[in-house]
Amino acid sequence: MSSLVTYKITGSVAVLSVENPPVNALSPGVPEGISAHLRTAAADPSVKAIVLIGGGRTFIAGADIREFEKIHAGETGSLGAILTAIHDLENCPKPVIAAIHGTAFGGGLETAMACHYRVAVAGASVGQPEVKLGIIPGGEGTQRLPRLAGIAKALEMCAFGDPVLVSDALGAGIVDEIVEGDLLTGAIAFAQRVAATPPPRTSERNEKLGDAAGNAGAITAAHDAANKRLRGQAAPHAAIEAIEAATRLPFAEGCKKEAEIFAACLSNDQSKALIHAFFGERTVAKIPGIGRDVPIIPIQRAAIIGAGTMGGGIAMNYANAGIPVLLKETTQEALDRGMATITKNYMNSVKRGRFSEAYARGRIALIHPQITWDGFDQVDIIVEAVFENMALKKEIFAEIDRVAKPGCILASNTSTLNIDAIASATKRPEWVIGHHFFSPANVMRLLEIVRGMATSNTVIATSMDLARKLRKVGVLVGNCRGFVGNRMFAPYCRESIFLVEEGCTPEQVDGALYRWGMAMGPLAVQDLAGLDVGWRIRKEYKQLEKPGVRYAELDSMLCEQGHYGQKTGKGFFVYDENRRASPNSDVVAMARDYAAQAGIAQRTASPDEIVERCVYALVNEGARLLEEGFALRAVDIDVVYLNGYGFPAWRGGPMKYADLVGLPKVFARIREFEKQFGHSWKPAPLLARLAMQGSSFSAYDRSKG
Ligand code: 3H9
């Protein structure tokens, strides 16, 4: 008998408990165990009813997503047993009660819906999150959920994948009762109450379905909402299609339709990309060589230096995590400005209904503004967030080295500067690390954690743990110019400007990438960040530019005319007072004149070429970072791009996207670009090697070469 599902009898009730930590996924052995124990219970005359519960912290959180990866890799997954268990549950002649705590997600909710009743504890949640993995419910959820909760609720849950709290699930009819106190005791009591009544089957309940004509409006509205909220994704529409089938087909035929759509989604690249993103977010937390035995410093108090846009946003992150934070500026005026922005941001969230006013005030009270170093000797971490100037940063680190207590982490929010050089201003470089937040720091999920030469394992492990507490995705990266994200972003931006210099309009360039799935086009992003940032850096490093190499000039030309992007109202686009963009015809004329003078041929590039030029520039630089060891794995690069740069998750991230296109194809195209555009397109040696071997970035392990 399966050890993944245990069997116990309490009085006249058989209790089946799924014991597959950490989340009781329906891995091979679990559905088989459920089916086997159901047979035992059905055959035992002393058993009058059955409870299905999850051991540990949750009910069943879904099918085992690793099985989908196996199917993607061409192996056979074991999903058939899940459907068998679902049928066995519903067809069981004795009432089966699902007892839910934690999460009943995906195949877990489908299992619960095949039971005859569902009871849950108050903190539990249910959901059909499959669309977040690029698939649809495949355990007949698209046919049972509308029968329990009605079409509108089923559309919302299956097309958008967000979890539903038990109180809401009770109102919707998904859950029959909320249990106060111990779940198992409550479930057994419920089972005893219903033991004598014939078990109701969800598949036979048609009263909430309505008909195709009556549901047409809701179906159309759901497609429209999916186009807006989940632009470019196929699975939400597929889920809507499966639910629509429930409105016009008998249950068994609806299930057949669901199976067809499920299989089509599973063979789609979008599911490969989204499953890669799901595991990627969890993989980046695992740092080779830093195990669970490395001690983590509890961060109870923090301090931030600099109350500008970044410093203020970082302070909000700490406050949101309940960590009191000192916020230091050099003048009272700058401090007041910083605190006013923080207060405004919190009050905007109150207006939008995200926080209550009391909650926002409580968070603001955790931020202590000051112009002195008072209390800096008490904190567990100091984060420097002043503007990018090495001399200033060194001065600050020398000072915090003097004031900080031993064992305090000294972090810099630098986005480009050398962490080792900053650490050299202290006598404790092992305590120095980069914490590169992304703007707006209270919104963007990415935190690049930059390891210096001397940074200790404890400081790294604490930073990774802290990232999670701050609700960020922490990615450990090496110390090179621009680290992972910005080093790759430079060639991406370069190509977008080259394309304009060659005759594309900014609307064509940004439009192609936006339609491809990027959250914003690259030129609009540069306008938002401020064109002057790159212009100033470029002037500082002018002496490093190589003769005979083409550099993007149009952004510098705009800056020389005082056009820095959104902040001056003009850049690659023109901005009105509401920051709405419209075309800047001067750019096209400027590009034409510059191209004539620099001998750059004018041509039109197709949307495909625009995407290839920009995205393959990311891939080529990513391959270099990977080979040089500045990124631990290809997936770390993907997670950086998915969480910090608006790269569409359903394309997997730049490296996964290249794997899905096929590295030989990407390599061949980059060689063509090299012939056409020269030196900047020299293929990364790792890309060339993996393409020749027919391998992939995902399979690459630097330690094995
Ligand atoms: C489905 O059900 C399709 C059906 O319709 C088809 C039927 C035929 N499988 O997130 P955590 C791992 S599709 C395998 O850190 P938390 C996770 O990788 C599925 N592994 O914990 C991690 O491993 P590691 C629908 C899974 O407490 C560990 O468990 N269900 C699965 O922050 C802990 O995870 C979903 O999409 C899984 N299903 O959050 C639910 N789930 O320690 C996906 C987790 O090695 N899961 N793992 O890094 C979640 O949303 C969250 O994990 C959950 C817990 C909220 C459950």
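In what follows, every heavy atom counts, from backbone to side chain, and hydrogens, waters and symmetry copies are set aside. Keep in mind that this is a model prediction, so the values were computed, not measured. Counting convention: from 1, in listed order, for ligands and their atoms alike.
- Between Gly141 and Gln128, the shortest heavy-atom contact is CA-OE1, 4.2 Å.
- Atoms of ligand 1 lying under 4.0 Å from any heavy atom of Gly62, numbered from 1 in the order shown and given with element: 2 (O), 30 (N).
- The proximity of Glu110 to ligand 1, defined as any non-hydrogen pair under 4.0 Å, is limited to the side chain.
- The backbone N or O of Ala264 lies less than 3.5 Å from no partner atom in the side chain of Asn268, so there is not a single donor-acceptor pair.
- Between Gly108 and ligand 1, a contact under 3.5 Å exists for no N or O pair.
- Checked against a 3.5 angstrom limit, the closest N/O atoms of Arg282 and ligand 1 fall inside it.
- Considering only non-hydrogen protein atoms, atom 30 (N) of ligand 1 sits nearest to Ala61 O, 2.9 Å.
- Screening Arg147, Arg144, Arg205, Arg201 against Glu90 for a salt bridge (charged side-chain N to carboxylate O under 4.0 Å, His left out) leaves a single residue, Arg144.
- For Gly141, the closest heavy-atom approach to ligand 1 does not fall below 4.0 Å.
- Below 4.0 Å from some heavy atom of Gly106 lie the following atoms of ligand 1, by number and element: 2 (O), 25 (C).
- Listed for the Glu156 side chain is no donor-acceptor partner under 3.5 Å among the backbone atoms of Lys153.
- The two residues Pro129 and Gly106 have their closest heavy-atom pair at CD-N, 3.3 Å.
- Annotation: cation-pi pair Arg229/Phe160 present, NZ/CZ under 6.0 Å from the ring centroid and within 45° of its normal.
- Proximity of atom 24 (P) of ligand 1 to the protein is indicated by at least one non-hydrogen atom lying closer than 4.0 angstrom.
- Closest non-hydrogen pair, Leu446 versus Val639, comes out as CD1-O, 4.5 Å.
- Heavy atoms only, all atoms of each residue included: Glu110 and Gly138 are closest at OE2-N, 3.4 Å.
- Judged by distance alone, with hydrogens and angles left aside, the side-chain atoms of Glu241 form no donor-acceptor pair with the main-chain N or O of Ile261 at under 3.5 Å.
- Asp659 contributes a side-chain N or O that, together with a main-chain N or O of Ser698, makes up a donor-acceptor pair within less than 3.5 Å.
- Among the atoms of Gly107, some N or O lies under 3.5 angstrom from an N or O of ligand 1.
- The shortest N or O to N or O distance between Arg66 and ligand 1 is not below 3.5 Å.
- At a heavy-atom distance under 4.0 Å, only side-chain atoms of Leu133, from C-beta outward, approach ligand 1.
- Applying the 4.0 Å criterion to heavy atoms of Gly139 picks out, from ligand 1, the atoms 5 (O), 7 (C).
- With a 4.0 Å heavy-atom cut-off, ligand 1 is reached by the backbone of Ile65 and by its side chain too.
- Distances from ligand 1 to the non-hydrogen atoms of Glu67 include no value under 4.0 Å.
- For ligand 1, the atoms lying closer than 4.0 Å to a non-hydrogen atom of Pro137 are 5 (O).
- Nearest non-hydrogen protein atom to atom 13 (S) of ligand 1 is Phe68 CE1, 3.6 Å.
- Heavy-atom proximity to Phe279, at under 4.0 Å, picks out these atoms of ligand 1: 18 (O).
- If you check each of Val23, Thr103, Ile136, Ile82 against atom 31 (C) of ligand 1, the one with the closest non-hydrogen atom is Val23.
- Of the protein's non-hydrogen atoms, Lys286 NZ, 3.3 Å is the one closest to atom 45 (O) of ligand 1.
- In this structure, atom 53 (C) of ligand 1 has no protein heavy-atom contact shorter than 4.0 Å.
- Here the protein heavy atom with the shortest distance to atom 49 (C) of ligand 1 is Phe278 CE1, 4.1 Å.
- Each of the atoms 28 (C), 29 (O), 33 (C) of ligand 1 lies under 4.0 Å from some heavy atom of Pro22.
- Atom 8 (C) of ligand 1 lies below 4.0 Å from at least one non-hydrogen atom of the protein.
- Looking only at distances, no side-chain donor or acceptor of Thr58 sits under 3.5 Å from a matching main-chain atom of Val23.
- No donor-acceptor distance shorter than 3.5 angstrom exists from the side chain of Asn442 to the backbone of Met316, with no hydrogens or angles considered.
- Distance alone, capped at 3.5 Å, places no donor-acceptor pair between the Arg451 side chain and the Leu476 backbone.
- Under a cutoff of 6.0 Å and an axis angle of 45°, Arg651 and Tyr641 do not form a cation-pi pair.
- Atom 14 (C) of ligand 1 has its closest protein heavy atom at Asp64 OD1, 3.3 Å.
- Annotation: Gly138 places an N or O atom under 3.5 Å from an N or O atom of ligand 1; distance criterion only.
- Of the protein's heavy atoms, Arg57 NH1, 3.6 Å lies nearest to atom 16 (P) of ligand 1.
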Please list, one pair per line, the donor and acceptor atoms closer than 3.5 Å that link side chains of residues 459-466 to other protein atoms, with sequence neighbours excluded.
unit_1: Thr462; atom_1: OG1; unit_2: Ile297; atom_2: N; d: 3.0
unit_1: Thr462; atom_1: OG1; unit_2: Thr458; atom_2: O; d: 2.7
unit_1: Ser463; atom_1: OG; unit_2: His435; atom_2: NE2; d: 2.9
unit_1: Ser463; atom_1: OG; unit_2: Val459; atom_2: O; d: 2.8
unit_1: Asp465; atom_1: OD1; unit_2: Arg468; atom_2: NH2; d: 3.0
unit_1: Asp465; atom_1: OD2; unit_2: Lys469; atom_2: NZ; d: 2.6

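- Annotation: Ala63 places an N or O atom under 3.5 Å from an N or O atom of ligand 1; distance criterion only.
- Without hydrogens or angle criteria, His116 side chain to Val96 main chain gives a donor-acceptor distance under 3.5 Å.
- Atom 55 (C) of ligand 1 has Phe105 CE1, 4.0 Å as its closest protein atom, hydrogens excluded (heavy atom only).
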